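Have a look at the structure below before the remarks.
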Protein chains: 2
Amino acid sequence: MHSGTGTLGKAIAVLDAVAASQVPLRFTDLLARVDQPRGTLHRQISNLVEEGLLQVNSDHSYELGIRLLRFASNAWSRSKFRNIAEPHLIELHKKVGETIHLGVLQGIEVIYLDKVESSQAVRMHSQIGNASPCYCTGVGKAALSLLSPAQLEERISVIEFRNYTPTTIADADGLRREIEDIRAKGYALDREEHEAGIHCVAAAIGSPGEPLAAGISITAPVYRLPLETLESWAGEVHQAAAAITEDMRVRAGPRG
Amino acid sequence: MHSGTGTLGKAIAVLDAVAASQVPLRFTDLLARVDQPRGTLHRQISNLVEEGLLQVNSDHSYELGIRLLRFASNAWSRSKFRNIAEPHLIELHKKVGETIHLGVLQGIEVIYLDKVESSQAVRMHSQIGNASPCYCTGVGKAALSLLSPAQLEERISVIEFRNYTPTTIADADGLRREIEDIRAKGYALDREEHEAGIHCVAAAIGSPGEPLAAGISITAPVYRLPLETLESWAGEVHQAAAAITEDMRVRAGPRG
DNA sequence: TCAACGAGTTCCGATAAATGGAACGACGTT
DNA sequence: AACGTCGTTCCATTTATCGGAACTCGTTGA
């Protein structure tokens, strides 16, 4: 979504382009999306394919390579943060009985690291690894509230605001006010700002000034759970988030 | 597990080193595992961290970055192969009632792409994305049987045989005989060769000479299911694998 | 107190790799 | 048969990578 400097950055920009597209891309399509000369792009793609990061179908369309899967399964299962957070997610889920999400801020996106819900019958993988815009998700806004003014402005400046629903925050000023509000209250609400019919209450994980900016949320469908109920759990979310923050501090500080 | 040529390859070799290790690695640990001068490695790591592919903890230990997760969730959900195979896996599961695995050959490893089992209660992600050696898994051996003699020898030459269990194939000659046997029979068996107490029957997906070499397997614990029962399903596995191969041919050939 | 050590980081000339413009070959279209 | 499109290859130029050495900082031990 952002990168581009350095040889490695260029290569990843190609992966990004492939990942961002809903339809399979052919060489010329990529050429249009990645700002690179033909020869250069061709070689970069070749390298990526050779490394197993990109896969080419028989019709010359590209998809992300399975080697990424191998890396990711590793990243996920060993993630210190996720492992520390997991018991807290489960505990919170037991308290409220609704779906719990764990996500971290990555640039201007939230990447979901874990999810605890009642009906595990849903097909696996759900939205683990999925990315959503930070400005219209509870976890995202909560995480943003940890940033310094400078960091915050830096991120805001690259956001392209888009109205997913009527309640989506529409511009930078709206987001600034929202962040202020979240800092004051200690929790964030997503009032169907990303997906109609879904709202959530969230709290930030991490401390101002430190690199980790993340959050957890309780998510529920509007038709079944009013916002008031959700908001009444603000204390619980905040408490769980604080517990994770503390666990991270304790276990990261003294030693690995 | 292999790469190393080119700037990109070097970078990925670092990721591989981090992924391969069970314990968190610090700078010096990586230095020992990746054959690179200090200055060079330092810059490569910096680049990887900057791109979000690698993450550095406060104690200078490294773990794989969550950005990989984002790529992987994409790679998985959009994978043409996985999507085509999925209904066949479910159908096969309904027939036999045991766990079905889908895996592809990547170098000398099998990477698991999907899994269908009865008790989805198990924590998600299970072993999707996990990698296992090709010479001691049913899927791996089945996939190897599709390779040309030259390709096969190339791969065999880089395998480091290791005895996971008493029945693990111990050397190249043993593997060559096994592959011959699989070609003759049309299916592969894993007689507790990778994990004691677990065996499976598998069949190859793909055609000789084509790039895709994959397989599916029916897996079961020894204590509950004798090998004879498993082997009696060889026809079903083979049939399902053939159906996937055919679907891939049809849907990949005419157009994307 | 000071020297020695190990871990991580920075610097910079030499070197090798990436760059990108242009030409080429393969198809399908008009 | 001439044309446009798409993918691929080539090669002189440019640029980033390489890697040895020096530097910083915290720890250990005499």
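Note that the structure is predicted; figures quoted are calculated from it, not measured.
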Any non-hydrogen side-chain atom of B:W76 less than 4.5 Å from a side-chain atom of A:L64?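 No, too far: nothing below the 4.5 Å cut-off.
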
[N] OP1/OP2 closer than 4.0 Å to side-chain N/O of [X]:
| X | N | answer |
| --- | --- | --- |
| A:T7 | C:dA17 | no |
| B:K10 | D:dC18 | yes |
| B:Q36 | D:dT17 | no |

Where the side chain of B:R176 meets the backbone of B:E153, is there a donor-acceptor pair that is under 3.5 Å apart?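 Here the side-chain-to-backbone pair does not exist.
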
Side-chain donor or acceptor of B:D29 paired with backbone N/O of B:R26 under 3.5 Å: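 Side chain of B:D29 to backbone of B:R26: a pair is present.
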
Kindly give the heavy-atom pair with the smallest separation between A:V34 and A:A17, and that separation in Å.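 Smallest heavy-atom distance, with atoms named: CG2-CB, 3.9 Å.
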
Could you state the atom-to-atom distance from [atom1] of [X] to [atom2] of [N] in whole Å?
| X | N | atom1 | atom2 | answer |
| --- | --- | --- | --- | --- |
| A:L41 | C:dA18 | CG | P | 14 Å |
| A:Q44 | D:dT15 | CD | C1' | 14 Å |
| A:I45 | D:dT8 | CD1 | C1' | 12 Å |

N-O pairing of B:R70 and A:E109 below 4.0 Å: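 Judged by the 4.0 Å cut-off on N to carboxylate O distance, B:R70 and A:E109 do form a salt bridge.
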
Basic-acidic side-chain contact under 4.0 Å: B:R82, B:E86: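 Salt bridge: yes.
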
Which distance, rounded to the nearest 0.5 Å, do you find between the CD1 of B:I156 and the OH of B:Y135?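 Separation between the atoms: 12.5 Å.
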
Let me check the geometry of the helix from C:dT1-D:dA30 to C:dC24-D:dG7. What is the bend angle between the axes at its two ends, five pairs each, to 10°?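 What I find for the helix from C:dT1-D:dA30 to C:dC24-D:dG7 is an axis angle of 30°.
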
A:H101 ring center within less than 6.0 Å of A:Y112 ring center: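 Yes; A:H101 has its ring centre under 6.0 Å from that of A:Y112.
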
Which atom pairs link the protein and nucleotides 7-10 of chain C when you take only N or O atoms and keep those under 3.5 Å?
{"residue": "C:dG8", "atom": "OP2", "partner": "B:T28", "partner atom": "N", "Å": "2.9"}
{"residue": "C:dG8", "atom": "OP2", "partner": "B:T28", "partner atom": "OG1", "Å": "2.3"}
{"residue": "C:dG8", "atom": "O6", "partner": "B:R38", "partner atom": "NH2", "Å": "2.8"}
{"residue": "C:dT9", "atom": "OP2", "partner": "B:H42", "partner atom": "NE2", "Å": "3.1"}
{"residue": "C:dT9", "atom": "O5'", "partner": "B:H42", "partner atom": "NE2", "Å": "3.2"}

